[in-house]
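Take a look at the structure below.
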Amino acid sequence: MVARRALITGVTGQDGSYLAELLLAQGYEVIGVVRRSSTLNFERIAHIQDRLTLVPADLLDEVSLIAAIRDHRPSEVYNLAAQSFVQTSWSQPVLTGETTALGVTRLLDAIRIVDPEIRFYQASSSEMFGKVHEVPQTEVTPFYPRSPYGVAKVYGHWITVNYRESYGLHASSGMLFNHESPRRGLEFVTRKVTHGVARIACGLDDKLALGNLDSQRDWGYAADYVRAMWLMLQQDVPSDYVVATGETHSVRELCEVAFGAAELDWQQHVVVDERFLRPAEVDLLVGDPTKARDTLGWERDVGFARLVEMMVEADLDLVRAQLG
Ligand code: NAP
Ligand code: F7E
């Protein structure tokens, strides 16, 4: 049988690395798009790098995307690349719009030009719901983004829907709620907390400075969520799906569980620093994954407490290894 071929933008990121593992395990040939940088940034894919075909391209450069698709002719394209850190989107709003919004159009156009039969996945986000109109959020909850990142993701979502309706592309949008793992970037709050716990437990730090402890998120495990991406592209009909756990927890609860996993009292170590507060906050997110469960048969395996414990354990191993 001929191997199916998938192209992933953002393969060096958290989700890209898990999705590449999943597709390789299913026998896919995996093409990973990497952008040029002065130092290599392949830590998350080092363990599978020899099984991937890495191609240079950038969401800011249309010609490079057309060339990647023309040269490798994938049957599925997963657009995971983005400027994905919400806080940075206030200091770099134009870059965020170019990458996270217009980058989606560039990639959709590349598909339309080279091979409109290619199936397309867009990494949409619960940040689109922002100042939420209803609880829990579903596929039909109106959008009210609260950051340049959220605004850019709304554009990316609607251009995906529009190319599906205008050109008949098999294009689906996954409205994924926060998902985390030991591979999460250190700037996101879960990993910042679990890495901070490990450093405090090993005596390297005493305090951890955070921003808004009251905000609530629906946190799941990234390896569970990439399964939903793949399932969307296996459906006969493209559509849009909320992917979430259906539970919400505050940053304060995250601290309690994470410090507790290392037998520490979070109140002795966490301090609030207004540098980490945002100009506009998303206070509460919780998704309703009913459509993903009923249509895709998707379920998450890992719950909140296990996820946080797993991340603390991984960071303790990492910090201890660095100490030698
Ligand atoms: P991530 O770890 O920040 O990875 C982002 C990826 O995008 C990296 O591989 C990065 O490459 C790449 N990238 C950035 N700018 C690019 C450009 N101009 N051209 C090509 N590649 C570029 O993000 P993630 O957590 O895996 O998230 C994956 C996607 O899902 C993103 O679109 C994110 O916005 C979205 N999303 C994430 C969550 C979540 O909770 N994780 C929830 C909803 C939606 P470098 O390695 O070179 O920087
Ligand atoms: O913040 C609060 C912060 O940066 C979560 C991205 O993957 O998920 C992610 O976006 C919450 C916010 O993720 C700190 O104010 C408190 O309320 O981990 P985060 P995010 O902004 O929810 C969505 C779904 C995406 O699509 C994005 O790409 O935690 N918070 N103190 C803090 N956040 C950070 N980063 N650092 C703090 O010190």
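Whatever order the structure lists ligands and atoms in, that order sets their numbers, starting from 1.
Evaluated for a side chain to side chain contact (heavy atoms under 4.5 Å, CB included) with T9, the options L107, V104, D58, I31 yield exactly one hit, L107. Under the side chain to side chain contact (heavy atoms under 4.5 Å, CB included) rule, D224 has a single partner from L307, V302, V243, which is V302. For the side chain to side chain contact (heavy atoms under 4.5 Å, CB included) test with E21, the passing option among V30, V226, I48 is I48; the others fail. Screening E139, R164, H157 for a side chain to side chain donor-acceptor pair (under 3.5 Å) involving S173 leaves a single residue, H157.
The number of heavy atoms from other shown groups lying within 6.0 Å of CD (E117) does not exceed 12. Around atom NZ of K207, more than 12 heavy atoms belonging to other residues, nucleotides or ligands sit under 6.0 Å away. For Y144, the OH atom counts as loosely surrounded, since its 6.0 Å shell holds 12 or fewer non-hydrogen atoms of other residues, nucleotides or ligands.
Using a 4.0 Å heavy-atom cutoff, Y149 is listed among the residues neighbouring ligand 1. Within the 4.0 Å heavy-atom cutoff, S124 counts among the residues contacting ligand 1. Residue contact annotation: E98 has no non-hydrogen atom under 4.0 Å from ligand 1. Remark: distances from the non-hydrogen atoms of R184 to ligand 2 include one below 4.0 Å. For the pair Q87 and ligand 2, no heavy-atom separation below 4.0 Å is found. At a 4.0 Å cut-off, not a single heavy atom of T9 sits close enough to ligand 1 to count as contact.
Of the candidates G13, S125, S181, A244, G13 brings a heavy atom nearest to atom 4 (O) of ligand 1. Heavy-atom proximity to atom 39 (C) of ligand 1, evaluated over H179, E187, R217, E43, is greatest for H179. Here atom 30 (O) of ligand 1 lies nearest to A123 when heavy atoms of G174, A81, A123 are compared. Distances from atom 19 (P) of ligand 2 to the heavy atoms of Q83, H179, R278 put R278 nearest.
Among the atoms of G211, some N or O lies under 3.5 angstrom from an N or O of ligand 2. For ligand 1, the polar-atom distance check finds no N/O of S126 at less than 3.5 Å from any of the ligand's N/O atoms.
Side-chain contact between M175 and F129 is present, with heavy atoms from C-beta onward closer than 4.5 Å.
The protein non-hydrogen atom at the shortest distance from atom 8 (C) of ligand 1 is T12 OG1, 3.7 Å. Summary of contacts: the protein heavy atom closest to atom 18 (O) of ligand 2 is V189 N, 2.8 Å. Nearest protein heavy-atom contact of atom 48 (O) of ligand 1 is R35 NH2, 2.8 Å. Closest protein heavy atom to atom 6 (C) of ligand 1: G10 CA, 3.7 Å. Nearest non-hydrogen protein atom to atom 5 (C) of ligand 1 is A82 O, 3.8 Å. Of the protein's heavy atoms, R217 NH2, 3.4 Å lies nearest to atom 12 (C) of ligand 2. Here the protein heavy atom with the shortest distance to atom 20 (C) of ligand 1 is L59 N, 3.7 Å. Shortest contact from atom 23 (O) of ligand 1 to any protein heavy atom: S84 OG, 3.5 Å. With hydrogens left out, the protein atom closest to atom 2 (C) of ligand 2 is S215 OG, 3.7 Å, a heavy atom. At the top of the distance list for atom 28 (C) of ligand 1, counting protein heavy atoms only, stands L80 O, 3.4 Å. Nearest protein heavy-atom contact of atom 13 (O) of ligand 2 is N178 ND2, 3.6 Å. Among all non-hydrogen protein atoms, the one lying nearest atom 26 (O) of ligand 1 is D15 N, 2.8 Å. The nearest protein atom to atom 15 (O) of ligand 2, hydrogens excluded, is given as E281 OE2, 2.6 Å; this is a heavy-atom distance. Counting only heavy atoms of the protein, atom 35 (N) of ligand 2 lies nearest to E187 O, 2.9 Å. Remark: minimum distance from atom 37 (C) of ligand 2 to any protein heavy atom is reached at K192 NZ, 3.8 Å.
With a 4.0 Å heavy-atom cut-off, ligand 2 is reached by the backbone of S84 and by its side chain too. At a heavy-atom distance under 4.0 Å, only side-chain atoms of K153, from C-beta outward, approach ligand 1. Contacts of F188 with ligand 2, taken as heavy-atom pairs under 4.0 Å, involve both backbone and side chain. Of the heavy atoms in F85, none comes closer than 4.0 Å to ligand 1. Counting heavy atoms under 4.0 Å from ligand 1, residue T99 touches it through the side chain alone. The proximity of K153 to ligand 2, defined as any non-hydrogen pair under 4.0 Å, does not occur for either the backbone or the side chain.
Q234 places a side-chain N or O within donor-acceptor distance of the main-chain N or O of W230, the cut-off being under 3.5 Å. In terms of modelled atom types and a separation under 3.5 Å, the side chain of R146 and the main chain of A280 share no donor-acceptor contact. A donor-acceptor pair under 3.5 Å links the side-chain atoms of S89 to the main chain of V86, judged by distance alone. In terms of modelled atom types and a separation under 3.5 Å, the side chain of E263 and the main chain of G260 share no donor-acceptor contact. With H179 contributing its side chain and F177 its backbone, the two residues share a donor-acceptor pair below 3.5 Å. One N or O on the side chain of D218 and one on the backbone of T245 form a donor-acceptor pair closer than 3.5 Å. With hydrogens and angles ignored, the 3.5 Å screen pairs a side-chain donor or acceptor of T248 with a backbone N or O of R217.
Atoms of ligand 2 lying under 4.0 Å from any heavy atom of Y149, numbered from 1 in the order shown and given with element: 25 (C), 26 (O), 27 (C), 28 (O). Set against the non-hydrogen atoms of R184, the atoms of ligand 1 under 4.0 Å away are 25 (O), 39 (C), 40 (O), 41 (N). Near N41, with a cut-off below 4.0 Å to any heavy atom, the atoms of ligand 1 are 45 (P), 46 (O), 47 (O), 48 (O). Against a heavy-atom cut-off of under 4.0 Å, N178 is close to the following atoms of ligand 1: 40 (O). Each of the atoms 24 (C) of ligand 2 lies under 4.0 Å from some heavy atom of S126. Residue F85 has at least one heavy-atom neighbour below 4.0 Å for each of these atoms of ligand 2: 4 (O), 35 (N). Of all atoms in ligand 2, numbered sequentially from 1 with element shown, those under 4.0 Å from a heavy atom of S125 are 23 (C), 24 (C), 25 (C), 26 (O). Against a heavy-atom cut-off of under 4.0 Å, V86 is close to the following atoms of ligand 2: 10 (O), 21 (O).
Side chain to side chain, Q83 and T88 fail the donor-acceptor criterion of an N or O pair below 3.5 Å. Using a 3.5 Å distance cut-off with no hydrogens or angles, the side chains of Y28 and E76 do pair a donor with an acceptor. Using modelled atom types and a 3.5 Å distance limit, the side chains of Y163 and D109 yield a donor-acceptor pair.
Legend: side-chain hydrogen bond (donor to acceptor under 3.5 Å, both in side chains) pairs involving residues 286-306, not counting sequence neighbours, sorted by first then second residue: S239-K291, E247-R300, D288-T290.
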